[in-house]
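FYI, the numbering just counts along the sequence from 1. Excluded from the calculations below are hydrogen atoms, water molecules and symmetry mates; all remaining heavy atoms, backbone and side chain alike, are included.
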Amino acid sequence: MTSRRTPPFGRALCAMITPFTDEGLLDLDGAQRLADRLVSEGCDGLVLSGTTGESPTTTDAEKSALVRAVADAVGDRAAIVAGIGTADTRHTVELALEAEKAGADGLLVVTPYYSRPPQDAVEAHFRAIADASGLPLVLYDIPGRTGTRIEPETMLRLAGHPRIVAVKDCAYDLLGTQKVLARTELAYYTGCDEYVLAMYAIGGAGYISTVANVIPRHFRSILDAFDRGDPDEAVRLQQLTIPLTELMMASGLPGSVTAKALLGALGLPSGPVRAPLRPADRDAVDGLRTAYAELTAHSDMVGTS
C-alpha cells in the first residue's frame, strides 16, 4: 500500500449540517444530539459551518455558539474543525480568532469567492489567516463554487507554513492532487463522496463527507476495509453508496438540502434550510428514503439509529 500521512483530524470527518428549529433558529440541542450520534457511529471529526452547514446564512455569533455547543457534546472524542471562510480576508481572520476562543481544534478556510483573486492574492489570504491564529488550517479547494482554484504550485508554496496542514479537495483534479501529495506533507481529505476510496488509495488522509451525516459508519467501513488489506471489500462498500450519493450530491439539490431532508425523514435533528435554499419536495424525499433503505439492506456496516 501507499505510504500515508498521519491525518491531523483523523480519517473520517463529517461535514455536519446545522440543525434549526421549526422557526428557523439555531437548534443547539439538536446539534449536540446529532454530533454525539455521528461520533458514536465512527466520525473522528466534525466540520461545522461549512457549505453543508449553511455557513452563508448563519451569523458570526451562531457560528461561535455552534462550536461551543458541539465541543461540549463530544469532548475529546472528536476533533472540531470550524468553517470560517468568507470573501473578505479581514472578516475571515476575525472568525478564525472567534473559533479559536470557542474551542475549535482546526479551521476550514475556503478560497475567497466571487472576486476571483489571482494566485498571489489567494496565497496571501491563506497566509494572513494562518499567521493570525494558533490553530491548524485546512484549505478548501472548490473552484466550482468559488470561481478560483488553488493551483498546485500555490499549494506547494503554502505547504511550507507550519499551520497549513491539510486540504479539503473538491477540485476534481487527481493529477494535480498527486503532484502535491508527492512533494508535501499536506493531508488531503476528499470532499467528494464518490472519491472516498479513490483518494484514500492514492495516499489521501480520508474524507470530509456530507453523505456521512446519514451513513457515518458505512463510510468509515470503506477506509477500514482498505486498511486491513481487503480492497475488494472496500470497492464493494464504496459502490453501495453510489445511488444515495448521486441523489444527495448530484441531483440538482445542494447537499445541505438533501442531508436535512433525509435526516428529518429518519427522525434525526435537522430542521428547515434557510432561504434562499428551499426544502426538498416529496418526490425527492421519497427517493432519498428508498436509496437509504436499499443501502442499509445490503450492508451490515451502516448505523441506522
Side-chain angles (χ1 to χ4, degrees), residues 4-18 31 34-35 38-39 41-55 63 66-67 70 74 77-85 99 104-111 126 135-146 150 155 164-174 177 180-181 186-224 226 238 241 244-245 248-250 254-256 258-259 263:
R4 194 173 310 284
R5 293 139 182 81
T6 301
F9 307 108
R11 302 174 303 154
L13 279 68
C14 177
M16 197 177 99
I17 63 141
T18 300
L34 180 60
L38 291 169
V39 173
E41 292 290 341
C43 291
D44 299 317
L46 303 172
V47 176
L48 308 178
S49 298
T51 310
T52 303
E54 299 178 74
S55 59
K63 289 177 173 67
L66 184 64
V67 170
V70 172
V74 304
R77 295 182 294 149
I80 304 298
V81 179
I84 60 162
D105 300 300
L107 305 171
L108 177 72
V109 191
V110 74
T111 316
F126 288 128
L135 295 180
L137 264 62
V138 182
L139 307 184
Y140 188 5
D141 189 16
I142 183 166
R145 286 183 182 268
T146 66
I150 310 174
M155 287 285 194
I164 295 176
V165 301
V167 177
K168 180 181 179 183
D169 186 4
C170 292
Y172 288 96
D173 176 16
L174 285 179
T177 293
V180 179
L181 279 171
L186 288 174
Y188 263 72
Y189 294 93
T190 184
C192 306
D193 292 83
E194 67 273 29
Y195 277 6
V196 165
L197 180 56
M199 180 69 78
Y200 203 57
I202 62 170
Y207 56 78
I208 299 174
S209 166
T210 294
V211 181
N213 277 279
V214 292
I215 53 168
R217 186 180 298 276
H218 184 95
F219 266 117
R220 185 183 184 93
S221 72
I222 298 170
L223 306 187
D224 289 344
F226 189 86
Q238 175 77 63
T241 69
L244 181 60
T245 294
M248 288 187 66
M249 306 304 293
S256 50
T258 55
L263 285 168

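At a cut-off of 3.5 Å, with distance as the only test, a side-chain donor of Thr210 or Thr52 sits close to an acceptor on the other residue. Between the side chains of Asp193 and Thr245, no donor N or O sits under 3.5 Å from an acceptor N or O.
Remark: Lys168 is positioned above the aromatic ring of Tyr140, its terminal NZ or CZ atom under 6.0 angstrom from the ring centre and at most 45 degrees off the axis.
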Verdict with reasoning, Leu139 to Ile150, per side chain to side chain contact (heavy atoms under 4.5 Å, CB included): CA-CA 9 Å; Leu139 307 184; Ile150 310 174; 4.1 Å; yes
- prompt: Can you list the steps and then say if Ile84 with Val109 is a side chain to side chain contact (heavy atoms under 4.5 Å, CB included)?
  reply: CA-CA 6 Å; Ile84 60 162; Val109 191; 3.9 Å; yes
Verdict with reasoning, Val47 to Met16, per side chain to side chain contact (heavy atoms under 4.5 Å, CB included): CA-CA 6 Å; Val47 176; Met16 197 177 99; over 6 Å; no
- request: List the steps and the verdict of side chain to side chain contact (heavy atoms under 4.5 Å, CB included) for Thr18 and Leu66.
  value: CA-CA 8 Å; Thr18 300; Leu66 184 64; 3.8 Å; yes
message: Between Asp224 and Arg11, is the salt bridge (charged side-chain N to carboxylate O under 4.0 Å, His left out) condition met? List the steps.
response: CA-CA 10 Å; Asp224 289 344; Arg11 302 174 303 154; 2.7 Å; yes
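For the atom pair CG of Leu174 and CD1 of Ile202, the computed distance is 5.0 Å after rounding to the nearest 0.5 Å. Atom OG1 of Thr241 is separated from atom CE of Met248 by 11.0 Å, given to the nearest 0.5 angstrom. With rounding to the nearest 0.5 angstrom, the CG atom of Leu107 is 12.0 Å from the CZ atom of Phe126. For the atom pair CE (Met199) and CG (Leu223), the distance works out to 12.0 Å, reported to the nearest 0.5 Å. For the atom pair CD1 of Ile164 and CE of Met155, the computed distance is 9.5 Å after rounding to the nearest 0.5 Å. Of the inter-residue distances, the one linking Asn213 atom CG with Thr258 atom OG1 reads 9.0 Å to the nearest 0.5 angstrom.
Under a 3.5 Å cut-off, the side chain of Ser49 and the backbone N or O of Gly83 do not form any donor-acceptor pair. The main-chain N or O of His218 is found under 3.5 Å from a side-chain atom of Ser221 such that the two form a donor-acceptor pair. Side-chain atoms of Gln238 come within 3.5 Å of backbone N or O of Leu197 as a donor-acceptor pair. For the pair Asp141 (side chain) and Cys170 (backbone), a donor-acceptor distance under 3.5 Å is absent.
Residues passing the side chain to side chain contact (heavy atoms under 4.5 Å, CB included) test with Thr146, sequence neighbours excluded: Val110, Thr111, Tyr113, Ile142, Thr148. Under the rule for a side chain to side chain contact (heavy atoms under 4.5 Å, CB included), the partners of Ala12 that lie at least two apart in sequence or sit in another chain are Asp44, Tyr207, Arg220.
The shortest distance between side-chain heavy atoms of Leu13 and Leu46 does not fall below 4.5 Å. Residues Cys14 and Cys43 form a side-chain contact, since some pair of their non-hydrogen atoms from C-beta on lies under 4.5 Å apart. Two residues are said to be in side-chain contact when any heavy atoms from C-beta on lie closer than 4.5 Å; Leu244 and Val211 meet this criterion.
Within 6.0 Å of CZ on Arg77 lie more than 12 heavy atoms contributed by other residues, nucleotides or ligands.
Across all non-hydrogen atoms, the minimal contact from Tyr189 to Pro8 is OH-CD, 3.5 Å.
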